Every structure is written in C-alpha cells, then in structure tokens.
Amino acid sequence: MSDVFVVTEHLQGELTETSFELIALARDIAAQTGGRVVAGLVGSGVIGLAAELGGADRIVVVDDPAFENFSPDGHAAVYASLIEGSPIVLIPYTSMGMDVASALSTTSGIPLVSFCTSISVDDGLGATCQLYAGKIEADVEVAGDRAIFAVLSGSTSAEDGRSGAAAEVTRVDNPVESELRSTCLGLTEPEGGDVDITSEDVLVVVGRGIESEDNIAEAQEVADLLGGAVAGSRPIIDQGWLAKDRQVGKSGLTVKPKVYLTLGVSGAPEHVEGMKDAETIIAVNTDPQAPIFAVAHYGWVGDIFDLLPELVDKLEAD
Amino acid sequence: MDSVVLLRPVPDPVEELELNDDGNDLDRDYLGYVLNEFDDHALEEALLLKEAAGGTLTVLGLGSADEMEQILHTALAKGADEAIKLGDDLSHLSVSAQTEIFVSALEGRSYDLILTGVQAADELDGQLAVRVAAKLRIPHVSVVVGADAGDGSVRVTKEFWGGITADYQVQTPTVLGIQAARQAPRYVAVSLIRQAQQSGALSEIDVDPPPDKSGVRVVSVRVPETGVGAEMIGGDEEAAAEKIVEIIRAAGVK
Ligand SMILES: Cc1cc2nc3c(=O)[nH]c(=O)nc-3n(C[C@H](O)[C@H](O)[C@H](O)COP(=O)(O)OP(=O)(O)OC[C@H]3O[C@@H](n4cnc5c(N)ncnc54)[C@H](O)[C@@H]3O)c2cc1C
Ligand SMILES: Nc1ncnc2c1ncn2[C@@H]1O[C@H](COP(=O)(O)O)[C@@H](O)[C@H]1O
C-alpha cells in the first residue's frame with residue numbers, strides 16, 4: 001500500500017509538462033503498490049494550480065509568500081517534511097528538481113537514483129537509467145523499501161498524467177522555520193532575436209562536431225537553401241558561436257519542425273528533450289553509437305565536412 | 001572570496017564505450033578519462049571570480065591517477081593557487097562516496113565558495129554539488145551560469161528552462177553546481193603546464209575509499225539500440241546528400 005509522492009514544479013504560474021509525466025508514471029506505480037498518488041505543490045498563490053493536478057489522488061499544498069520563487073534550499077527543506085509517509089518519491093530531473101532530489105536524499109538517507117526513464121516495483125524497487133549522456137542504459141536496483149527517483153523529462157506522455165478529476169487537497173503550513181539562505185532577485189526572460197526557431201519548418205542543427213564558429217557558415221548555407229534556420233546544441237551556444245535563442249533542449253527551446261537535420265550532435269538526453277517530437281529527424285554523425293541515432297528517423301554515419309559541400313551542390317542543382 | 005573547486009574525471013565521451021564481461025559496468029581496463037566538462041566550467045568560473053575579486057583558489061581532484069595529475073597541473077597553470085589529489089586512482093565511486101571524501105578533505109579549510117560541475121555523466125546516485133552542500137549544511141544552487149562575489153554573499157544566475165533565468169543572492173559559504181561559466185573554459189600553454197608539473201605545487205592526501213552507502217546497485221548495462229526505427233542511409237557522402245535531399249522534399253519542404 002505504498003504511496004507514491006510526486007514533486008511538481010511550476011514557473012510563472014504554469015505547471016511543467018514534466019510534472020504531468022511524473023504523475024502518469026506515479027499512477028502506474030501506485031496501481032501496482034495499491035497506494036495513492038500524492039502530489040506536492042509548493043509556491044505562493046499556487047492553490048489554483050491544484051485543479052490541474054487531478055491525476056493525483058491527493059495534493060499537499062504549501063502556499064506561502066516565502067516561496068514566491070523557487071528556493072533551492074527552501075524547497076528541499078519543505079519537501080523533506082512533505083514526503084514523510086511516502087516510500088516512493090518521483091522528482092523531475094530538471095533545474096529545480098536537481099536542487100531538491102540530492103538534498104532530500106542526503107539529509108534523509110533515502111537512496112536516490114538519477115537519470116531515470118522508467119521505474120519498476122514488482123521485484124523490489126528499481127529503475128532504468130540513461131548514463132554517459134545517453135550512451136549507456138542501466139538497470140539498477142535499490143536496497144530497502146524507500147527510494148527517490150529523479151526522472152528525465154520526456155520519459156512518458158504528459159497527457160496520461162492530466163485529468164479533470166478533483167483530487168483531495170490538503171493545505172499545510174510552511175514547515176520550514178529557519179530563514180532561507182538564498183533570496184531570489186527576480187526572473188529574466190530570454191531576449192528575442194531575429195529568428196524564432198520554434199516556428200521554422202526546417203532546422204539545420206550544429207553540435208560540437210562542427211568544430212569552429214567559421215564552419216557554421218556552411219550549415220547556414222544549407223539552411224538558406226532550404227528556407228530554414230540554423231540552431232545549435234548547448235556547447236555551441238556556450239562557446240558564443242550562436243545566440244542563446246538558437247539553443248534546442250532542456251535549458252533551451254523545444255522545437256517541432258518538419259525537418260530537423262543534425263550535424264555533429266551526439267544526442268544527449270538534455271538535447272533530445274527539446275527535439276524528439278520533430279516530424280522528420282535526420283542525423284549525421286561519425287560515431288555509429290551516437291544516441292542521436294536512437295531518436296532519428298534517418299541517419300548517416302559519416303563526416304559532416306564531407307557531406308556539407310555535397311549537400312550544398314545537390315540543393316543548388318535542385 | 002576563497003574558492004574550492006571539486007574536479008572529477010569521466011570516461012572520455014569521444015571513445016567507444018565497451019561493456020565488461022559481467023555486463024554490469026563499462027570495461028574500465030582501457031578506458032581513457034577526461035575532466036568532466038561541467039567541472040571545467042566550474043574551474044573557469046572560479047578563475048573569473050578570483051580575477052575579479054581576489055582570494056585563493058584551491059582545486060581538489062578525485063579519480064583516475066594519471067589523468068587527474070594532468071588535470072590538476074592544468075588547473076595550476078591556469079591560475080589555481082593550490083592543487084590536491086585525493087587518493088590514488090579512486091575512479092568510479094558512487095556520488096555518495098565521493099561526497100564523503102570531498103567533505104573530509106574540506107574539513108579544517110576555510111572557504112566562501114565551493115564550485116563543481118552541475119552534473120557528471122556517471123552520477124547515478126545524485127549530484128555532487130547538492131550532496132556536498134547538504135552534508136555541510138550550507139546552501140546550494142544548481143545549474144548556475146554565472147556568479148558575482150559580494151561581501152558575505154554571492155550573486156548567482158540560475159537557469160531554469162526555455163532560456164528563463166533567475167538571479168539569487170546566496171549566503172556564503174555555499175556550493176554552486178556550475179552549468180556553464182560566463183565564458184568558455186580557457187586554454188593554457190603547454191609550457192605553463194610543464195612549469196606547474198615542475199613547481200611541486202601539487203600535493204596528495206591519502207584516502208581510503210569509504211564503503212558504498214548509496215543503496216543503488218547496477219544490475220546490468222547495455223548500449224541502447226540506435227537506429228531502431230531509423231533508416232540508416234548507406235553509401236558515400238554524395239549518395240547520402242542525394243538521399244537526404246529526397247527525404248527533406250518528401251517531408252513537404254520545397
Ligand atoms: C542541466 C543541463 C541542461 C542542459 N541543457 C541542454 C540543452 O538545452 N541543449 C543541449 O543541446 N544540451 C544541453 N545540455 C548539455 C548536454 O548534456 C550535452 O553536453 C550536449 O547536448 C552535447 O552537445 P553536442 O551533441 O553538440 O556535443 P557532443 O556530445 O560533444 O557531441 C558531438 C558529436 O559530434 C560527432 N562528431 C564529431 N566530429 C564530427 C564530424 N566531423 N562529422 C560528424 N559528426 C562528428 C561526435 O561523434 C559526437 O557524437 C544540458 C546539460 C545539463 C546538465
Ligand atoms: N517544485 C516546486 N514546487 C513548487 N514551487 C516551485 C517548485 N519549483 C519552483 N517553484 C517556484 O515557485 C514559484 C512561484 O510559482 P508561480 O508564481 O506559480 O510561478 C515559481 O516561480 C517557481 O520558481
């Protein structure tokens with residue numbers, strides 16, 4: 001009769017997709033343990049969001065001005081108290097969840113499994129995890145009968161976690177007495193650039209395989225010939241070779257173009273999260289083991305610098 | 001502002017990963033290691049902070065022997081004041097065990113900031129940055145993309161998603177899980193690394209690996225099947241280019 005607790009997250013008044021994915025996973029687990037799905041909702045002025053969490057059986061809400069913004073140590077401290085009584089805890093493996101999961105595990109001693117894509121409860125607690133940037137999949141087992149699972153976004157369908165049903169809502173006072181040691185000074189929205197990659201039909205996406213800023217010109221040529229735009233993986237943006245609004249993935253944008261052509265992108269889970277629903281994914285990579293080939297619809301194992309001139313030729317002749 | 005940077009090597013992501021005979025780990029016999037890329041960003045951010053606000057910079061390195069010495073000498077060459085190698089060849093420990101080792105190495109040191117990478121590709125049981133903070137009972141911020149040192153506090157930018165960031169004022173001492181430094185990690189001349197090797201500034205602390213208390217055990221590992229459902233295009237670049245154009249046209253892009 002083990003309850004399954006879900007840490008939900010929200011930003012600017014909106015629950016994230018991952019929150020619903022975790023509720024969907026929790027429903028599956030609870031069906032096997034015979035327990036309930038309990039969702040935690042922590043913020044300020046968030047009680048209204050509880051209506052969207054009908055996929056849970058019970059929602060525990062801490063609605064307190066102290067949590068007007070996400071507080072890394074504050075949220076961890078609140079959840080340490082909220083999860084008591086729930087042997088299985090699911091936390092999004094996201095920017096917010098990362099600050100919560102490891103802190104909960106360290107202070108409570110409950111084992112934590114990261115990078116989970118699925119969870120099993122039939123023969124003890126276990127999970128399947130994506131390690132080494134998606135290059136290795138591992139089945140792991142947890143000692144004991146309590147566990148915290150940090151789950152990758154996109155592990156299941158968010159739709160299955162949504163429900164119009166009304167869950168039991170319990171409001172609890174902020175259990176954290178100590179003063180928060182970090183203060184949020186405010187949020188910053190990304191600056192809009194010249195191109196909105198979320199509305200392009202064709203994206204030519206460069207990864208670290210492109211090697212230098214100068215080489216991006218050739219990818220740009222292909223994008224121009226196709227009437228599309230160039231986007232990039234995180235390292236390309238961190239290098240300053242493309243603007244931040246060209247980044248696809250977990251900390252960038254989610255895109256669903258007609259065609260997504262990757263050039264030297266390995267396909268780390270954080271990248272895949274932002275592009276897996278593109279209509280046609282074509283991947284080019286020298287490494288046949290690259291995880292990008294697991295999500296691509298078409299793949300070519302080879303060197304982008306051999307391919308690019310040919311591609312430009314073919315498109316010009318077309 | 002005195003900083004300590006925690007460094008860990010990870011299997012070189014460029015190499016092909018082979019599995020061991022038991023099928024429950026990588027075959028580590030011939031594996032090459034490199035510095036975790038996010039730790040490299042943590043070091044860069046610490047160097048930028050030191051340049052702007054002064055203070056000392058210490059690097060603590062844990063993991064495979066040869067590579068770690070090279071990594072620590074490189075850190076010294078880049079501007080770290082002190083480099084300490086923890087144990088000899090303690091690679092592939094759980095994050096819980098790494099946390100114990102780093103925390104005991106930090107004992108008796110004074111620091112305002114601890115920086116390390118936001119994650120490593122093999123962190124099966126949690127993030128080092130947050131575990132260390134929770135163990136030391138000091139605040140933490142993960143997914144940091146920039147820091148600015150103040151008096152008794154540090155101002156950091158944390159990234160959420162969709163390009164949205166938040167700024168936090170955090171009491172020191174604190175641990176930052178660095179996603180990306182404000183600028184790409186710097187390169188350093190080989191001659192400076194050689195100087196660092198000869199300077200004797202690298203010290204070592206003996207460490208016995210602590211028993212693993214993570215409670216997480218790998219039963220089996222596999223290389224995910226790639227290209228399942230994907231059609232692999234054969235042939236040379238010319239044939240591939242032709243086929244790719246065909247696929248793009250068929251997808252409705254004219
Ligand atoms: C909290 C967090 C958030 C993140 N958010 C994002 C995000 O939003 N977006 C994102 O992309 N990443 C994100 N990352 C980073 C992610 O983990 C990976 O590091 C990143 O996606 C890797 O980028 P890459 O594929 O370009 O580089 P690599 O992983 O280095 O891959 C380069 C690839 O190029 C191939 N290659 C090299 N040369 C050639 C050649 N000549 N021809 C063909 N192929 C070649 C290689 O085989 C390799 O597969 C995030 C990480 C964290 C921790
Ligand atoms: N797991 C979480 N549970 C509750 N609140 C969170 C969580 N994570 C973040 N928050 C924060 O709560 C703040 C206030 O919520 P809102 O005004 O609804 O966006 C958000 O900006 C988030 O930063």
Side-chain angles (χ1 to χ4, degrees), chain A residues 11 72-73 95 98-99 101-103 105-107 111-114 129 131-133 135-144 181-190 201-202 226 238-239 244 250-251 253 258-259 279-280 282 289 293-294 296-300 302 306-307 310-311 314-315 318, chain B residues 11 13 16-17 118 121-127 130-131 133-135 139-143 158-171 177 180 184 214-228 230-233 237-238 240-242 244-245 247-248 251-253:
Chain A
L11 187 62
D73 50 333
S95 178
M98 275 183 192
D99 271 311
S102 295
S105 171
T106 307
T107 50
L112 164 63
V113 189
S114 276
C129 308
L131 299 177
Y132 304 103
K135 287 184 130 190
I136 296 286
E137 212 165 63
D139 289 329
V140 309
E141 134 193 311
V142 179
R181 293 168 295 179
S182 54
T183 315
C184 183
L185 306 170
L187 299 186
T188 308
E189 300 270 354
D201 277 344
V202 179
L226 289 166
D238 285 345
Q239 286 286 340
K244 183 76 191 169
K250 188 190 198 77
S251 47
L253 295 162
K258 280 190 183 146
V259 171
E279 283 175 38
T280 300
I282 310 166
Q289 268 195 343
F293 290 126
H297 302 102
Y298 298 93
W300 184 63
D306 293 336
L307 180 76
E310 293 292 337
L311 211 46
K314 290 276 181 298
L315 287 168
D318 210 37
Chain B
E16 192 176 331
L17 299 177
V118 61
D122 56 0
E123 282 187 332
L124 178 58
D125 62 316
Q127 276 68 60
V130 181
R131 279 207 184 275
K135 200 93 197 170
H140 50 86
V141 184
S142 292
V143 200
K158 173 182 174 74
E159 202 171 70
F160 289 124
W161 40 77
I164 300 176
T165 59
D167 283 354
Y168 288 90
Q169 193 82 39
V170 191
Q171 286 173 25
S214 70
V216 180
R217 191 177 74 86
V218 176
V219 182
S220 67
V221 294
R222 59 194 164 268
V223 177
E225 267 187 81
T226 60
V228 203
E231 188 181 310
M232 295 310 282
I233 302 166
E237 53 271 15
E238 201 192 335
E242 195 165 323
I244 288 172
V245 173
I247 296 163
I248 293 173
V253 174

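Bear in mind the structure is a predicted one, so any value in this text is a computation, not a measurement. The chains referred to below are lettered A, B, ... by the order of the sequence lines, with proteins before strands, and numbering in each begins at 1.
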Which portion of [X] sits near chain B, non-hydrogen atoms under 4.5 angstrom:
| X | answer |
| --- | --- |
| C129(A) | side chain |
| T280(A) | side chain |
| K135(A) | both |
| V202(A) | side chain |
| A101(A) | neither |
| D99(A) | both |
| I282(A) | side chain |

(request) Tell me yes or no: between the side chains of D73(A) and S182(A), is some donor less than 3.5 Å from an acceptor? (result) yes
(request) Compute whether any side-chain donor of one residue and acceptor of the other, for R131(B) and S102(A), lie under 3.5 angstrom apart. (result) no
In terms of heavy-atom proximity below 4.5 Å to chain A, should [X] be classed as side chain, backbone, both, or neither?
| X | answer |
| --- | --- |
| S220(B) | both |
| V143(B) | side chain |
| P13(B) | backbone |

(request) Give a yes or no on whether K244(A) atom NZ has more than 12 heavy-atom contacts from other residues, nucleotides or ligands under 6.0 Å away. (result) yes
(message) So which residue, G177(B), P11(B), A133(B), ends up with the most heavy-atom pairs under 4.5 Å with chain A?
(response) P11(B)
